[in-house]
Amino acid sequence: MGYLAVFLMVLLSSVSCATSTLVEKKFKECMLTKVSVNSESIEKVILTSSCSLYPQVLEALEQNPRWLNSSWKPLLILRPFQESEIQSTILCSKQLGLKVKVRSGGHDYEGLSYLSKAPFVMVDLININSIHINLSDETAWVQAGASLGELYYKISKTSKVHGFPAGICPSVGLGGHLSGGGFGTMLRKHGIAADHVVDAYLIDANGKIHDRKSMGEDVFWAIRGGSATSFGVIVAWKIKLVTVPPIVTGFNIQKTLHEGATKLIHKWQYIAHEFHEDLFIRVLAQNNGDNSKTFKATFNSLFLGGIDKLIPLMNESFPELGLQAKDCTEMSWIQSVLFFAGFNKEDPLELLLNRTTSYKSSFKAKCDFVKEPIPETGLEGAWKMLLEEDTIAMLIMEPYGGRMDEISESEIPFPHRKGNLYNMQYMVKWDVSSIEASKRHVQWMKMLYRYMTPFVSKSPRAAYFNYKDLDLGKNNHDNTSYSEASVWGNKYFKGNFKRLAQIKTKFDPHNFFRNEQSIPLLNSFP
Ligand SMILES: Cc1cc2nc3c(=O)[nH]c(=O)nc-3n(C[C@H](O)[C@H](O)[C@H](O)COP(=O)(O)OP(=O)(O)OC[C@H]3O[C@@H](n4cnc5c(N)ncnc54)[C@H](O)[C@@H]3O)c2cc1C
Ligand SMILES: *[C@@H]1O[C@H](CO)[C@@H](O)[C@H](O)[C@H]1NC(C)=O
Ligand SMILES: *[C@@H]1O[C@H](CO)[C@@H](O)[C@H](O)[C@H]1NC(C)=O
Ligand SMILES: *[C@@H]1O[C@H](CO)[C@@H](O)[C@H](O)[C@H]1NC(C)=O
Ligand SMILES: *[C@@H]1O[C@H](CO)[C@@H](O)[C@H](O)[C@H]1NC(C)=O
Ligand SMILES: *[C@@H]1O[C@H](CO)[C@@H](O)[C@H](O)[C@H]1NC(C)=O
């Protein structure tokens with residue numbers, strides 16, 4: 001064979017995707033019957049499992065590679081460029097009896113955007129990611145496939161005094177994040193990301209596109225933190241920006257046990273939710289990720305103002321920490337985004353656009369809400385458990401209070417407001433993906449969660465929907481009855497769960513959009 005022929009074959013195999021299975025053939029055929037989908041565009045949009053790009057695309061945004069079971073992968077991946085291709089995908093999937101999963105940022109804790117035990121197609125919104133900012137009314141239309149980093153970057157290129165109060169990790173997608181709540185360094189000042197959604201485009205199970213007006217206020221209420229994925233596919237959100245000062249201050253103060261970490265954290269619990277709302281101090285308590293039995297706590301803070309205001313404020317509110325000007329760094333708000341993402345403030349802002357993260361690894365997480373300070377002995381018991389792990393394990397404690405206390409529990413489905421001192425997330429991460437490692441670390445996490453029971457919220461033991469945890473349900477399947485689902489539904493949504501199920505029943509009566517923890521139909525049977 002000549003070189004040219006070999007070259008051509010390599011070239012062809014890298015771009016072309018064989019349509020080998022019957023389902024793949026039928027799906028393509030169906031798509032071609034839809035308006036606006038032609039045979040040229042379809043090749044760009046559909047990836048069959050034999051495409052050379054398929055594994056790469058599947059894994060690129062898969063933030064938690066904890067699952068090794070290849071039989072749970074999508075039959076097809078679709079990467080639409082326009083809304084009409086999403087509409088057609090929904091209609092064709094329905095016609096062929098396939099489920100649809102949507103992936104925006106791929107940061108789902110249980111992999112629900114890219115895994116399923118039932119045959120499904122995955123819609124990857126990586127190309128649906130435009131952002132349009134309108135400074136005259138301080139809003140932005142952001143497409144669901146954009147990341148938090150892309151949004152923050154775009155805002156900073158448009159204005160030095162605007163920001164958005166969403167999560168800390170730049171590679172998180174807006175599609176999932178806003179559908180579950182979304183909080184970060186500005187939650188004490190501005191509440192959560194979903195509090196700032198003013199309109200949205202949503203495609204329903206019939207392929208129809210709605211805006212706020214046509215979906216109605218009930219559905220618009222439900223998708224802001226109440227699992228939008230149970231109602232349809234979000235194409236874009238309209239969000240209200242917030243103003244930020246030109247200069248903010250960040251600091252990281254590390255303490256070991258010998259330096260009094262436990263006493264400081266114990267004290268922090270009484271005061272962090274009552275600080276001035278411009279001041280956010282979270283605590284990361286972690287082991288060293290090995291067998292060295294060392295523990296450190298980091299007080300990681302953002303203050304919406306300059307050092308000159310911060311120092312007297314800290315002297316008044318938390319003198320025990322001994323904060324000095326030399327511990328603090330003044331920067332712009334967008335630099336503080338880099339700072340919290342683990343970069344240096346001088347690093348190029350373009351780092352925020354990188355969708356491939358360096359900290360991707362298998363993990364298991366759970367969370368709690370804390371309403372009463374935990375006694376020192378209780379904290380010490382948790383540190384002891386962290387030191388029993390031979391891989392990175394940590395507690396992330398994020399203070400509430402401020403604006404969070406002023407928003408009612410039923411304003412949007414995210415109910416965790418007044419009365420919570422802080423949210424506590426437990427996380428364990430490991431590098432070597434094996435079934436044995438997964439089992440061991442997940443088991444450790446369950447022990448820690450059991451240990452924390454007396455110290456955290458009760459009836460319900462509340463949880464945050466964006467820190468999804470399938471252990472909260474008894475039988476995990478995707479056709480859950482209302483009463484089965486109430487077990488986790490009340491934890492995530494408290495008194496809002498029933499209303500979510502009522503809205504779901506009306507808007508998606510055939511339960512087309514479903515997964516192991518989607519909002520159930522009200523009158524379904526076990
Ligand atoms: C490293 C890391 C850091 C994090 N940091 C924070 C943080 O600081 N604050 C915080 O609040 N949370 C944080 N999270 C949690 C994060 O908010 C949730 O995991 C969120 O749901 C991720 O959204 P996504 O679009 O990236 O995920 P995906 O996996 O793409 O989606 C998550 C869920 O939403 C559905 N979905 C996605 N897109 C759409 C859409 N367009 N329409 C309908 N449904 C859709 C998916 O099907 C899936 O069920 C973090 C997660 C990770 C892994
Ligand atoms: C993988 O999935 C198949 C089919 O659902 C199941 O039979 C098998 O037990 C799974 N394997 C693991 C390791 O979970
Ligand atoms: C920006 O917002 C203003 C005020 O609401 C509105 O008049 C204008 O049309 C918007 N611009 C765009 C491009 O949407
Ligand atoms: C801290 O507060 C004490 C008493 O409240 C005061 O004497 C001292 O000057 C303050 N220090 C700073 C740096 O503000
Ligand atoms: C994005 O980050 C990853 C992980 O740190 C790195 O390997 C990659 O080179 C980065 N990509 C770009 C374009 O900077
Ligand atoms: C869901 O469960 C109900 C009750 O068991 C059943 O009638 C229905 O057919 C199920 N739907 C699917 C799609 O499995």
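All residue numbers in this chain count up from 1 along the given sequence. Atoms within each ligand, like the ligands themselves, are counted from 1 in listed order. Being a predicted model, the structure only gives us computed values, none of them experimental. Note: hydrogens, waters and symmetry copies are ignored here, and every other heavy atom, side chains too, is used.
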Students should be able to answer this: which protein heavy-atom is nearest to [atom], and at what distance?
atom	value
atom 5 (O) of ligand 5	Ser358 CB, 3.3 Å
atom 2 (O) of ligand 4	Asn315 ND2, 2.4 Å
atom 12 (C) of ligand 3	Asn134 ND2, 3.3 Å

Legend entry - Test item: protein heavy atom less than 4.0 Å from atom 9 (O) of ligand 3: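 For atom 9 (O) of ligand 3 the answer is no, since every protein heavy atom stays at 4.0 Å or beyond.
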
Legend entry - Protein contact for atom 14 (O) of ligand 4 (heavy atom, distance under 4.0 Å): yes

Legend entry - Proximal ligand 5 atoms for Asn354, defined as those under 4.0 Å from one of its heavy atoms: 1 (C), 2 (O), 3 (C), 8 (C), 10 (C), 11 (N), 12 (C), 14 (O)

Legend entry - Ligand-residue contact atoms, ligand 5 with Thr356, heavy atoms, under 4.0 Å: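 Answer for ligand 5: 1 (C), 2 (O), 3 (C), 4 (C).
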
Quick test of your reading of the model: are [X] and [Y] salt-bridged, counting only N-O distances below 4.0 Å?
X	Y	result
Arg403	Glu406	yes
Lys240	Asp137	no
Lys101	Asp108	no

Legend entry - Phe363 ring center near Tyr109 ring center (under 6.0 Å): yes

Inset, instruction - Could you list which atoms of ligand 3 come closer than 4.0 Å to a heavy atom of Ser136? - result: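 Every atom of ligand 3 under 4.0 Å from some heavy atom of Ser136: 1 (C), 2 (O), 3 (C), 4 (C).
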
Inset, instruction - Answer yes or no on whether Lys154 is positioned over the face of Tyr152, meaning its NZ or CZ is under 6.0 Å from the six-membered ring centre and within 45° of the axis. - result: no

Inset, instruction - May I ask you to decide if the ring planes of Phe414 and Tyr400 are parallel, tilted or perpendicular, using 30° and 60° as cut-offs? - result: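 The rings of Phe414 and Tyr400 lie parallel, inter-plane angle below 30°.
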
